[in-house]
Amino acid sequence: MNKIKGCLYIYLRKTQYASHLFIFIMLGLGLPLWWKTTEVYRQELPYKDVESLRESFQIVQEVRLILKVKSINGGELAKVIAKECSLPGKFSVVVTPSNYSVEDETLSYLALNLEDFDASLPELEHYHLQIIEVDKSEKPVVLGRRRNLFFEKKTSLNLLAAVIRSILAEEGPTSVVNQDFDGTSDLWNQLSKLRRFASSSFLNVLFTFSNPDPELFDIDWPIEAAIEEYLQPFADNLKDIVDIRPSSQHIYFAPLGVTPRKALHGDGYEISTDLSLLINPLESKLGEQVLPGPTANLVLLVPPARFHPLHLKNRENSDSFIVHRWGGIAFYNPPKDSNGTHWIDMQPVMETFIGQLRLLIGLDIKLPKDVARISLNEKAIADWEVDYLLRLKTIENIAYSTKAIKSLTALLETITNIVISNDVASNVSSSLESIKKSSRLFEKGMLKESYKESLAASERADAAFFDPSMLALLYFPSDQKYFQMKGRIMKSGFCHQKVYQLARFFQPYIGLLLQTILSILGD
């Protein structure tokens, strides 16, 4: 009997040891392994560096001007201009006064007009704008094609300062603030102007000729030659900002989309409202979706024969209009008595399209009334306008990137189930570094270099914010991990009865373990 009791005692002791060993293995090895294999991968982000982008910090650009005078005190005028044009939190204007050199006098004497004088002046190397006194001009202030501003001696100082501030992008956003995307920030409202396209390394420009009645209107438009003659010089001058990629197409039998009304005065028809309805029939035929990236649609629309001629009734008295961040449409009414093929004069058409394209990329500069501009001719954009765009786009990119990465890091801190991959972390860090580098370059007046860094910051911030890997476990809460493990146990060969038996067998030991843990915690 004693022998049986001894064997039973040994058996129970071994069973107890095995049970303890099993519990130890489950808690010491199984639980950590399960916890590690079910955790969400989250690469470390530079939260402190992102937070260091203070809620309000300003980028003050140093603007260098040179003042060339003939008959007035250049030193005193330079001080006044610097004081009037330096805007707190925006520009720190430095004006260097100088008198006309012998070379300047010679160029001024040989030039037939201001246009020739502007073209003959040497390029500026270390200055953003050259302010030059002239004896006589069309208006008190005249802006050249290059970085030259001409003024008469009698020009008021207030007018001169207002013009300088306008071409330095005074109305553009010039500080970066960190506020929510709620529409309450003046900066964000300015950055979100609906008309212009967002900054991008390239912009597709799709020229479309829409002829709804090709059997009645045999029209040919030499768009390839027009692109080469009118658009290419414009694109060449913008190469430091955006790569313009032109293409063209014909579409036929596209309905008008609206019903014009009979003109109240004169012959023909007119449209005054519901202009957006003109786009709907066109979009299904444009095929812009095959072009990668942003696309500006420039459409030359021939109205149907039954509504010929068709005009647009608007305040500008123009047969063209712009659709924000989409493109522009212009009406073309061919002559009624045209026989055979009608060739379109592309000069007025391209002038309209380039004017629309200027507004779509952000060239909307309001100048005072007493200001004239030298004709751009084939350039289609002045050098100082390129600088204006560089300033505007740089600040726009910095503000967008700052808001994007701050919003992203705030989101990732709040929702812990979002995966943070190495690519996301790398893009956030790269965007942050580009923001800081662009800001430093911008403060020094290095516009081209600063813009390139800001564009890189914007693209990397976009890549991080819209990375698809972050959605992998977004809707997988922690409590579902236990359900997932139960399913894996079932698939591994355990039946419900065996699980029940194991649970009953280990119940006293689990209870004892819990009591021990509670007593330790109580002590």
Might you point out which heavy atoms bring [X] and [Y] nearest each other, and give the distance in Å?
{"X": "Val50", "Y": "Leu432", "value": "N-CD2, 4.1 Å"}
{"X": "Ile365", "Y": "Ser166", "value": "CG2-O, 4.0 Å"}
{"X": "Glu228", "Y": "Pro233", "value": "O-CD, 3.8 Å"}
{"X": "Phe197", "Y": "Lys393", "value": "O-NZ, 3.1 Å"}
{"X": "Met346", "Y": "Ile223", "value": "CE-CD1, 3.9 Å"}
{"X": "Ser137", "Y": "Val142", "value": "CB-CG2, 3.9 Å"}

Checking side-chain polar atoms at under 3.5 Å, does His250 have a donor or acceptor matched by the opposite partner on Trp221? yes
Among side-chain atoms of Ser438 and Ser450, is any donor-acceptor pair under 3.5 angstrom? yes
Ring-face cation of Arg245 near Phe202 (centre distance under 6.0 Å, axis angle within 45°): yes
Is Asp243 close to Ser201 at the side-chain level, that is, under 4.5 Å between some pair of heavy atoms? no
Within a radius of less than 6.0 Å around CD of Glu138, do more than 12 heavy atoms belonging to other residues, nucleotides or ligands occur? no
Scan residues 296-308 for pairs that pass salt bridge (charged side-chain N to carboxylate O under 4.0 Å, His left out), counting only residues two or more places apart or in two chains. none
Pairs involving residues 453-467, ordered by first then second residue, that meet salt bridge (charged side-chain N to carboxylate O under 4.0 Å, His left out) (sequence neighbours left out): Lys437-Glu453
Would you please indicate if the ring centroids of Phe117 and Phe150 are separated by under 6.0 Å? yes
If the threshold is 4.0 Å, N to carboxylate O, is there a salt bridge linking [X] and [Y]?
{"X": "Lys444", "Y": "Glu449", "result": "no"}
{"X": "Lys448", "Y": "Asp240", "result": "yes"}
{"X": "Glu385", "Y": "Arg147", "result": "no"}

When rounded to the nearest 0.5 angstrom, what distance separates [atom1] in [X] from [atom2] in [Y]?
{"X": "Ile131", "Y": "Ile81", "atom1": "CD1", "atom2": "CD1", "answer": "4.5 Å"}
{"X": "Leu129", "Y": "Ile164", "atom1": "CG", "atom2": "CD1", "answer": "6.5 Å"}
{"X": "Phe234", "Y": "Met350", "atom1": "CZ", "atom2": "CE", "answer": "10.5 Å"}
{"X": "Ile405", "Y": "Leu408", "atom1": "CD1", "atom2": "CG", "answer": "8.5 Å"}
{"X": "Asp118", "Y": "Leu143", "atom1": "CG", "atom2": "CG", "answer": "9.5 Å"}
{"X": "Asn427", "Y": "Phe465", "atom1": "CG", "atom2": "CZ", "answer": "13.5 Å"}

How are the rings of Phe353 and Phe207 set to each other: parallel, tilted or perpendicular (split at 30° and 60°)? tilted
Begin with the C-alpha distance, continue with both residues' side-chain angles, and end with the deciding distance and a verdict on salt bridge (Lys or Arg N to Asp or Glu O under 4.0 Å) for Lys139 and Glu152. CA-CA 8 Å; Lys139 293 275 188 175; Glu152 296 178 335; over 6 Å; no
Single hit among Leu389, Thr394, Leu392, Leu203 for side-chain contact (heavy atoms from CB on, under 4.5 Å) with Ile241: Leu389
